[in-house]
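Side chains are part of it too, since the values below use all heavy atoms of this structure and drop only hydrogens, waters and symmetry mates. Naming convention: chains lettered A, B, ... in sequence-line order (proteins, then strands); numbering from 1 in each chain. What you see is a predicted model, and the numbers here were worked out from it, not measured in a lab.
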Amino acid sequence: MGIGFREEGAYVGRALMLDLKFIRENTEAVRKGVTDRGLEVPLDRLLELDARRRKILTDLEEKRARHKRGNKEIGELMRRGEDAWALREEMGALSDEIKALEAEEGEIGAEIRDILIRIPNLPHETVPVGPDETFNQEVRRWGEPREFAFKPLSHWELGEGLDILDFQRGVKIAESRFTLLKGKGALMERALINFMLDLHTREHGYTEVFPPILVNEESMFSTGQLPKLKDEMYACRDDELYLIPTAEVPVTNIHRGETLREEDLPIYYCAYTPCFRREAGSYGRDIRGLIRQHQFNKVELVKFVHPDGSYDELEKLTRDAEDVLQRLGLPYRVEVLSTGDLSFSAAKCYDLEVWLPSYGEYKEISSCSNFTDFQARRGDIRFKPAGGGKSTFVHTLNGSGVAIGRTVAAILENYQREDGSVEIPEALRPYMHGMEEITAG
RNA sequence: GGAGGGGUGGCAGAGCGGACGAUUGCGAUGGUCUUGAAAACCAUUGGCCGGCAACGGCUCGCGGGUUCGAAUCCCGCCCCCUCCGCCA
């Protein structure tokens, strides 16, 4: 099947991005949403093409109806042994006209799709308007950054001192931005995964899944990674598969092409997976430590919900992610992203930023987004109303709950002691054989 | 990797050039009967697009071709299953 990414950029999704009818009826709102994000989309061209296409469609459908009727009649004539040559000739000519119209419609349709797939989701009205991240707004803060009586070390200094992080060997085995975890470092990584999964499944109502980590193009398209972020992803040489940049992709695609029952909603999933990102174009940033790796672990939260409640669900989802940081005693703040910083598919997004002493600032550790029906359209995920009626697109949400590597970094830095050892947060101890600290040797 | 088989409505499973948007069974929904339920019987029952509606179009894995007409014939692609080989 395939949707032809490699052929000619003809992305033929089933349902199309933003609803054309919606764009037709709310053109100015769409225009504002697009420009608020700092993007440009030829909306006028789109509307013009749409008008032309619908005109052709009317004509086409009328001709097809005549064609169908005529062919039926030929069948009847022939069964009765009567002459049908004249009608056959007429239908032949009609058939040619139809083919010509179809070709024309196809061309216009392709151009429409090319424009449509470049239209991002529209920001929610509560999203601050601004061109970049400096317009993000702090929503709340939790915990106090610790005052150190000594000069705190960075997590890479601590990790190397404790012999639990080995950056050089990571590079040797793979390349830069890969790290080898050892001993209690590896254990802490694993402990955090289990701690987070247990918290979300046992206390927050999520169902644990473990999805494929290589996914096909269609999956990448429906969550919005393709076509825009193609350069960010690792692709297989001989198979049309990509390494996932986040569990959002396979988990949201669990229900791609499905029509759910209203009474099944909301559906909450959480998944631990490794994630892979090429980090193209971020060469100078965060070169040291665990912050920006090509491979990292993450526990992800994904929701499929009724459209009416999706913004409440976003608040709940964000709180679920925050709960992780609170239980680990890590100070953080929550920011609502401005229009210019919002990802392509999201309508609203909260970033959770954890305090990192080595940076002297808050650093993103989770991103919680409401995609409204944007991904559901691209992936054709609907639900059937309980009382009957037309099936409608669900709303999808997801958020990190939370990034594991950055959590390790935050724990090392925030829980360090003057001698270079690190206390283990109480909530994590049961997952680390009761261990209370990590010391050298 | 080699050899076969197959993709049809929620499921099972027919159809193999015209009356087929698709026989039939199951399921589902509504009704009759019943104190209630089951059973039995009757009726309805795929999805999508456009339209207030009447109605029209699309849809038998995907794309192309042949034909007045394709679920049915031809070509290409994708996926699934079985057996053998290999393998954590």
Side-chain angles (χ1 to χ4, degrees), chain A residues 1-25 47 49-110 112-113 116 210 212-222 236 238-242 253 255-264 373 376-394:
Chain A
M1 199 181 352
I3 33 184
F5 294 100
R6 303 209 171 164
E7 284 82 69
E8 59 227 24
Y11 301 76
V12 186
R14 276 168 305 243
L16 290 172
M17 332 321 130
L18 275 186
D19 187 12
L20 247 177
K21 191 173 167 189
F22 176 85
I23 296 173
R24 211 181 294 142
E25 289 163 3
L47 291 176
L49 289 169
D50 176 46
R52 262 168 61 195
R53 178 165 168 272
R54 281 185 299 138
K55 209 166 183 179
I56 291 171
L57 239 30
T58 313
D59 193 15
L60 188 57
E61 288 190 6
E62 185 272 326
K63 284 196 163 77
R64 284 209 272 234
R66 259 201 292 148
H67 189 237
K68 236 170 142 170
R69 264 185 274 122
N71 288 331
K72 243 177 199 146
E73 212 176 316
I74 290 173
E76 274 165 41
L77 288 175
M78 291 181 71
R79 237 170 289 118
R80 277 187 263 128
E82 291 176 31
D83 174 62
W85 280 108
L87 236 196
R88 279 174 70 157
E89 216 156 288
E90 192 187 328
M91 287 306 112
L94 231 196
S95 174
D96 290 341
E97 285 178 46
I98 289 172
K99 273 175 191 151
L101 278 179
E102 280 174 344
E104 198 179 339
E105 191 275 329
E107 272 175 42
I108 296 176
I112 287 176
R113 260 192 306 278
L116 274 180
F210 190 82
I213 287 161
L214 286 169
V215 302
N216 59 32
E217 299 183 315
E218 206 165 340
S219 292
M220 283 295 191
F221 178 76
S222 69
C236 297
D238 297 322
D239 300 279
E240 302 223 334
L241 294 169
Y242 297 85
N253 275 280
H255 295 299
R256 166 155 53 82
E258 295 182 12
T259 300
L260 306 164
R261 297 180 311 174
E262 182 171 9
E263 51 272 33
D264 293 336
D373 63 356
R377 280 179 191 287
R378 291 167 80 101
D380 195 20
I381 310 169
R382 303 158 192 263
F383 73 95
K384 193 108 189 149
K390 269 176 96 102
S391 58
T392 321
F393 293 110
V394 302

Tell me which nucleotide among [options] gets nearest to the side chain of [X].
{"X": "A:M91", "options": "B:G18, B:C48, B:C68", "result": "B:C68"}
{"X": "A:K384", "options": "B:G47, B:C48, B:C68", "result": "B:G47"}
{"X": "A:S391", "options": "B:G57, B:G69, B:C48", "result": "B:C48"}
{"X": "A:K72", "options": "B:G21, B:C68, B:G56", "result": "B:G21"}
{"X": "A:R64", "options": "B:G57, B:C68, B:C48", "result": "B:G57"}

I need the [atom1]-[atom2] distance between [X] and [N], as an integer number of Å.
{"X": "A:R261", "N": "B:G10", "atom1": "CZ", "atom2": "C1'", "answer": "11 Å"}
{"X": "A:E61", "N": "B:G56", "atom1": "CD", "atom2": "P", "answer": "11 Å"}
{"X": "A:N71", "N": "B:G57", "atom1": "CG", "atom2": "C1'", "answer": "15 Å"}
{"X": "A:E90", "N": "B:G69", "atom1": "CD", "atom2": "C1'", "answer": "14 Å"}
{"X": "A:L101", "N": "B:C58", "atom1": "CG", "atom2": "C1'", "answer": "16 Å"}
{"X": "A:E62", "N": "B:G51", "atom1": "CD", "atom2": "P", "answer": "18 Å"}
{"X": "A:R113", "N": "B:C49", "atom1": "CZ", "atom2": "P", "answer": "16 Å"}
{"X": "A:L57", "N": "B:G50", "atom1": "CG", "atom2": "P", "answer": "10 Å"}

Between [N] and [M], how many Å separate the two [atom1] atoms, rounded to a whole number?
{"N": "B:G4", "M": "B:U8", "atom1": "P", "value": "23 Å"}
{"N": "B:G7", "M": "B:C60", "atom1": "P", "value": "14 Å"}
{"N": "B:A12", "M": "B:U23", "atom1": "C1'", "value": "14 Å"}
{"N": "B:A3", "M": "B:G57", "atom1": "P", "value": "45 Å"}
{"N": "B:C79", "M": "B:C62", "atom1": "P", "value": "15 Å"}
{"N": "B:C86", "M": "B:C11", "atom1": "C1'", "value": "36 Å"}
{"N": "B:U44", "M": "B:G25", "atom1": "P", "value": "13 Å"}
{"N": "B:C16", "M": "B:G61", "atom1": "P", "value": "16 Å"}

Any salt bridge linking [X] with [Y]? Criterion: basic side-chain nitrogen under 4.0 Å from a carboxylate oxygen.
{"X": "A:D59", "Y": "A:K55", "value": "no"}
{"X": "A:E102", "Y": "A:R64", "value": "yes"}
{"X": "A:R66", "Y": "A:E62", "value": "yes"}

ask   = Is the phosphate of B:G47, meaning OP1 or OP2, less than 4.0 Å from a side-chain N or O of A:T259?
value = no

message = If you compare every side-chain N and O of A:K68 against the phosphate oxygens of B:G56 (OP1, OP2), does one of them come in below 4.0 Å?
response = no

Syn-anti status, with the boundary at 90° from 0, for the nucleotide B:U66 = anti

request  = Would you give the length of the straight line joining atom CD of A:E82 to atom CD of A:E73, rounded to the nearest 0.5 angstrom?
outcome  = 10.0 Å

Quick one: does [X]'s side chain get under 4.5 Å of [Y]'s, heavy atoms only?
{"X": "A:L214", "Y": "A:D239", "value": "no"}
{"X": "A:Y242", "Y": "A:N216", "value": "no"}
{"X": "A:I112", "Y": "A:L20", "value": "yes"}
{"X": "A:L60", "Y": "A:I98", "value": "yes"}

ask   = RNA chain B: A:M78 or A:L60, which has the more 5' nearest nucleotide?
value = A:M78

query = With a 4.0 Å cut-off on heavy atoms, is A:T58 in touch with a base, just the backbone sugar-phosphate, or nothing at all?
reply = nothing

task = Indicate, with a heavy-atom threshold strictly under 4.0 Å, whether A:R79 touches base, sugar-phosphate, or nothing.
result = base

note = Counting only Watson-Crick and G-U wobble pairs with both atom distances below 3.5 Å, the stems of 3 or more consecutive pairs that include RNA chain B are B:1-7 with B:78-84, B:10-12 with B:24-26, B:27-32 with B:40-45, B:47-50 with B:55-58, B:61-65 with B:73-77

A:N253 side-chain N/O to A:S219 backbone N/O, donor-acceptor pair under 3.5 Å = yes

